[in-house]
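Below, all heavy atoms of this structure are taken into account, side chains as well, without hydrogens, waters or symmetry copies.
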Amino acid sequence: MEKIKLPLGQIQTNCYIVHNAEEILIFDPGDEPEKIINAILALNKKVVAVVLTHTHFDHIGAVDTICAHYNVPVFVSQEERYWLTDTIKNGSEKFKQYGLEPVIAKTSPKVINKGIQTISSFTFDVRHTPGHSPGSLSFIFDDFAIVGDTLFKESIGRTDLYEGNTQQLLNSIDQQLMVLDAQFVICPGHGPNTTIQFESDHNPFLNGY
């Protein structure tokens with residue numbers, strides 16, 4: 001299993017292209033669909049789905065283009081199934097004051113459940129990690145986890161957006177992520193990758209973990 005990270009858009013949201021020998025999953029196509037398509041062209045593999053860690057505007061901006069281009073579904077959590085077209089819940093209404101246009105994704109989503117899930121040739125563990133948003137999910141592969149805006153290098157996700165909750169976020173990190181192997185690679189929604197060990201040692205928000 002391999003992965004490519006593409007920071008996209010004004011907020012440099014990390015899109016992840018996860019691929020095995022024959023197929024591709026796309027996580028959080030937030031913007032600049034042409035960059036995603038060009039990266040996939042070089043792989044010469046079949047795209048089977050788009051998967052979202054959560055549905056904030058900077059993670060969904062290219063969903064419609066990518067899903068239509070590859071004729072694939074988009075998977076979201078049950079809690080955020082209706083957020084793709086709601087500019088208040090997906091946060092884009094809040095950022096109009098900074099000159100950003102409201103963002104919606106019209107592709108009808110499919111719900112992905114918690115626990116061990118399979119999409120085509122990919123099998124992974126889906127963990128509910130609310131706090132940054134109520135439906136935030138983390139996707140656990142063999143030696144890395146795609147965690148959206150739950151955990152960052154030396155930081156954690158913001159909780160001032162719709163239904164964010166700081167204590168819930170800290171509980172999610174503690175109960176769902178910090179229990180992973182120390183060398184597990186954490187692939188966040190923004191910024192550099194990190195590891196469970198590094199965050200245990202250096203993250204000021206996780207003192208005591």
Side-chain angles (χ1 to χ4, degrees), residues 8-9 11 13-16 18 25-31 48-64 66-67 72-95 100 102-120 122-141 144-152 155-180 186-190 205-206:
L8 303 173
I11 306 180
T13 301
N14 292 331
C15 169
Y16 293 94
V18 176
L25 285 177
I26 302 172
F27 288 84
D28 292 356
D31 204 345
V48 295
V50 169
V51 186
L52 301 179
T53 61
H54 63 295
T55 57
H56 282 155
F57 70 97
D58 55 317
H59 292 252
I60 68 171
V63 164
D64 286 347
I66 294 298
C67 286
V72 295
V74 57
F75 289 89
V76 303
S77 65
Q78 176 65 45
E79 292 83 358
E80 296 181 21
R81 183 177 182 180
Y82 301 108
W83 285 35
L84 293 173
T85 56
D86 189 323
T87 59
I88 292 176
K89 292 179 179 179
N90 74 31
S92 59
E93 188 72 24
K94 182 182 179 74
F95 286 84
L100 295 174
V103 177
I104 63 172
K106 297 180 180 179
T107 304
S108 182
K110 294 186 175 183
V111 169
I112 189 164
N113 295 316
K114 290 75 172 176
I116 303 300
Q117 301 298 327
T118 297
I119 298 177
S120 194
F122 296 93
T123 299
F124 46 88
D125 186 11
V126 182
R127 299 191 182 184
H128 187 207
T129 48
H132 174 66
S133 70
S136 285
L137 301 175
S138 294
F139 300 90
I140 315 300
F141 291 87
F144 67 92
I146 295 174
V147 304
D149 292 359
T150 297
L151 178 63
F152 299 119
S155 190
I156 61 173
R158 62 190 295 170
T159 55
D160 61 333
L161 300 177
Y162 186 83
E163 291 190 358
N165 185 302
T166 300
Q167 189 56 55
Q168 189 178 49
L169 177 63
L170 291 171
N171 290 344
S172 293
I173 294 169
D174 177 32
Q175 296 166 15
Q176 301 296 336
L177 299 181
M178 299 309 291
V179 295
L180 297 170
I186 297 298
C187 303
H190 304 271
F205 296 92
L206 307 181

Spatial distance of atom OG (S155) from atom NE2 (H190) [nearest 0.5 Å] =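 With rounding to 0.5 Å, OG (S155) is 11.0 Å from NE2 (H190).
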
Going by heavy atoms in the side chains, are T87 and I104 under 4.5 Å from each other?
->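 Touching, per the 4.5 Å side-chain cut-off.
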
Just by modelled atom types, is the P188 backbone N or O under 3.5 Å from a matching donor or acceptor in the Y16 side chain?
->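 Yes, because the side chain of Y16 sits within donor-acceptor range (under 3.5 Å) of the backbone of P188.
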
Heavy-atom closest pair, residues T159 and T166 |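 Between these two residues, the closest heavy atoms are OG1-OG1, 2.6 Å.
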
Please name the pair of heavy atoms, one in L52 and one in P29, separated by the smallest distance, quoted to 0.1 Å.
->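 Reported closest heavy-atom pair: CD2-CD, 3.9 Å.
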
Heavy-atom side-chain proximity of R158 to D149 below 4.5 angstrom |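 Contact flag for R158/D149 side chains = no.
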
Nearest atoms (heavy-atom pairs only) where W83 meets E163 =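 Minimum heavy-atom contact is CZ2-OE1, 4.5 Å.
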
When rounded to the nearest 0.5 angstrom, what distance separates CG in L169 from CG in D174?
->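 Going from CG on L169 over to CG on D174, the span is 11.0 Å.
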
Heavy-atom side-chain contact between S133 and E80 under 4.5 Å |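 Yes, their side chains come closer than 4.5 Å.
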
Report the C-alpha separation of I173 and M178 in whole Å, then their side-chain angles, then the decisive distance to 0.1 Å, and conclude whether the side-chain contact (heavy atoms from CB on, under 4.5 Å) test is met.
-> CA-CA 6 Å; I173 294 169; M178 299 309 291; 3.8 Å; yes

So, do I60 and V74 sit near enough that their side-chain heavy atoms are less than 4.5 Å apart?
->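 No, their side chains stay 4.5 Å or more apart.
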
Which word best sums up how the rings of F141 and F124 line up, parallel for under 30°, tilted for 30 to 60°, or perpendicular for over 60°?
->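 If you compare the ring of F141 with that of F124, the planes turn out tilted.
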
Apply the side-chain contact (heavy atoms from CB on, under 4.5 Å) test between V51 and each candidate in V126, I119, I26; give the one that qualifies.
->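 Among the candidates, only I119 passes.
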
Between atom CG of D125 and atom CD of Q117, what is the distance when rounded to the nearest 0.5 Å?
->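 It comes to 8.5 Å.
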
Just by distance, do the side chain of N90 and the backbone of V103 share a donor-acceptor pair under 3.5 Å?
->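 Yes; judged by distance alone, with no hydrogens or angles, the pair exists.
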
Would you check if L151 and T129 make a side-chain contact, meaning some heavy-atom pair closer than 4.5 Å?
->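 They are not in contact (no side-chain heavy atoms under 4.5 Å apart), so the answer is no.
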
Say you draw a straight line from CG of L25 to CZ of F122; how long is it, rounded to the nearest 0.5 Å?
->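 If we round to the nearest 0.5 Å, L25:CG and F122:CZ are 4.0 Å apart.
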
Can you tell if the side chain of V147 reaches within under 4.5 Å of the side chain of T53, non-hydrogen atoms only?
->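 Heavy-atom side-chain distance check fails, nothing below 4.5 Å.
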
Spacing of CG belonging to L137 relative to CD1 belonging to I146, to within rounding of 0.5 Å |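 So the CG of L137 and the CD1 of I146 are separated by 12.0 Å.
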
Heavy-atom pair with the smallest gap, counting every atom of S77 and G135 =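 That would be OG-O, 2.9 Å.
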
Does the H128 side chain pair with the main chain of P134, one donor and one acceptor, at a distance under 3.5 Å?
->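 The answer is yes, because a donor-acceptor pair under 3.5 Å joins these two groups.
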
Determine whether more than 12 heavy atoms belonging to other residues, nucleotides or ligands lie under 6.0 Å from atom NZ of K110.
->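 Incorrect, the count does not exceed 12.
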
Any side-chain heavy-atom pair of F139 and I112 under 4.5 Å =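 Side-chain contact under 4.5 Å: yes.
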
Value rounded to 0.5 Å, distance of CG in L177 from CD1 in I140 =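 Answer for the CG-CD1 pair, L177 versus I140, is 6.0 Å.
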
Close side-chain approach of I186 to F144, heavy-atom, < 4.5 Å =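 Side chain of I186 against side chain of F144, heavy atoms only: no contact under 4.5 Å found.
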
If the plane angle is over 60° it's perpendicular, under 30° parallel, otherwise tilted; pick one for H54 and H59.
->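 H54 vs H59 ring planes: tilted.
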
What orientation do F57 and F95 show, parallel under 30°, tilted 30 to 60°, or perpendicular over 60°?
->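 Ring orientation of F57 relative to F95: tilted.
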
Would you kindly say whether T107 and D64 are connected by a side-chain donor-acceptor distance under 3.5 Å?
->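 Yes, side-chain donor-acceptor contact under 3.5 Å.
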
Just do the side-chain contact (heavy atoms from CB on, under 4.5 Å) check on D31 and D58 with the steps written out, would you?
-> CA-CA 7 Å; D31 204 345; D58 55 317; over 6 Å; no

Check whether the side chains of S138 and Q176 place a donor and an acceptor atom closer than 3.5 Å, and report yes or no.
->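 Judged by distance alone, the side chains do not pair up.
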
Check the pair V72 / V50 against side-chain contact (heavy atoms from CB on, under 4.5 Å), numbers first and verdict last.
-> CA-CA 7 Å; V72 295; V50 169; 4.2 Å; yes

Over all heavy atoms of both residues, which pair between F152 and G189 is shortest? Give the atoms and the distance, please.
->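 Distance-wise, the nearest heavy atoms are CE2-N, 3.9 Å.
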
Compare every heavy atom of C15 with every heavy atom of L8, then report the nearest pair and how far apart it is.
->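 Closest approach of L8 to C15: CD1-CB, 3.6 Å.
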
